[in-house]
Amino acid sequence: MKDKKQFTVIKKIAKHGNQSIIVVPKILEEYLKPGTIVELNIGILD
């Protein structure tokens, strides 16, 4: 198993047409290649 990398990102939800989306910061692009499996936990901070 590869080393587990963890990042904490706090984002405002964006709109794309009728859908709400989370835009991933460009700096994480090298870790999030297509096909990469990630665990995503969402906590609402309102």
Side-chain angles (χ1 to χ4, degrees):
M1 186 169 142
K2 291 183 178 182
D3 291 334
K4 185 176 179 182
K5 295 185 182 355
Q6 283 190 287
F7 303 95
T8 300
V9 178
I10 298 173
K11 297 289 294 183
K12 186 173 185 179
I13 303 298
K15 284 288 276 181
H16 183 68
N18 291 333
Q19 295 184 337
S20 296
I21 63 169
I22 298 172
V23 179
V24 177
K26 186 120 176 117
I27 196 167
L28 296 179
E29 194 173 75
E30 68 178 280
Y31 300 104
L32 303 175
K33 301 285 185 200
T36 301
I37 298 173
V38 300
E39 178 180 279
L40 180 66
N41 296 303
I42 298 176
I44 299 172
L45 303 178
D46 245 12

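Any value given below was found using the heavy atoms of this structure, including those in side chains, with hydrogens, waters and symmetry copies removed. The chain is numbered in sequence order, starting from 1.
Interatomic distance, Leu40 CG to Ile22 CD1, rounded to the nearest 0.5 Å: 6.0 Å. A distance of 8.5 Å separates CZ of Phe7 from CD1 of Ile27, quoted to the nearest 0.5 Å.
Among pairs with a residue in residues 33-43, none fulfils salt bridge (Lys or Arg N to Asp or Glu O under 4.0 Å), at least two apart in sequence or across chains.
Residues meeting the salt bridge (Lys or Arg N to Asp or Glu O under 4.0 Å) test with Glu30, sequence neighbours left out: none. For Lys26, the side chain to side chain donor-acceptor pair (under 3.5 Å) partners are Glu29, not counting sequence neighbours.
For the residue pair Val23 and Lys11, the shortest heavy atom distance occurs at O-CE, 2.9 Å.
Residue-environment remark: CD1 (Ile13) exceeds the threshold of 12 foreign heavy atoms within 6.0 Å.
Contact annotation: the side chain of Val24 never approaches that of Val9 to less than 4.5 Å [non-hydrogen atoms, C-beta and beyond].
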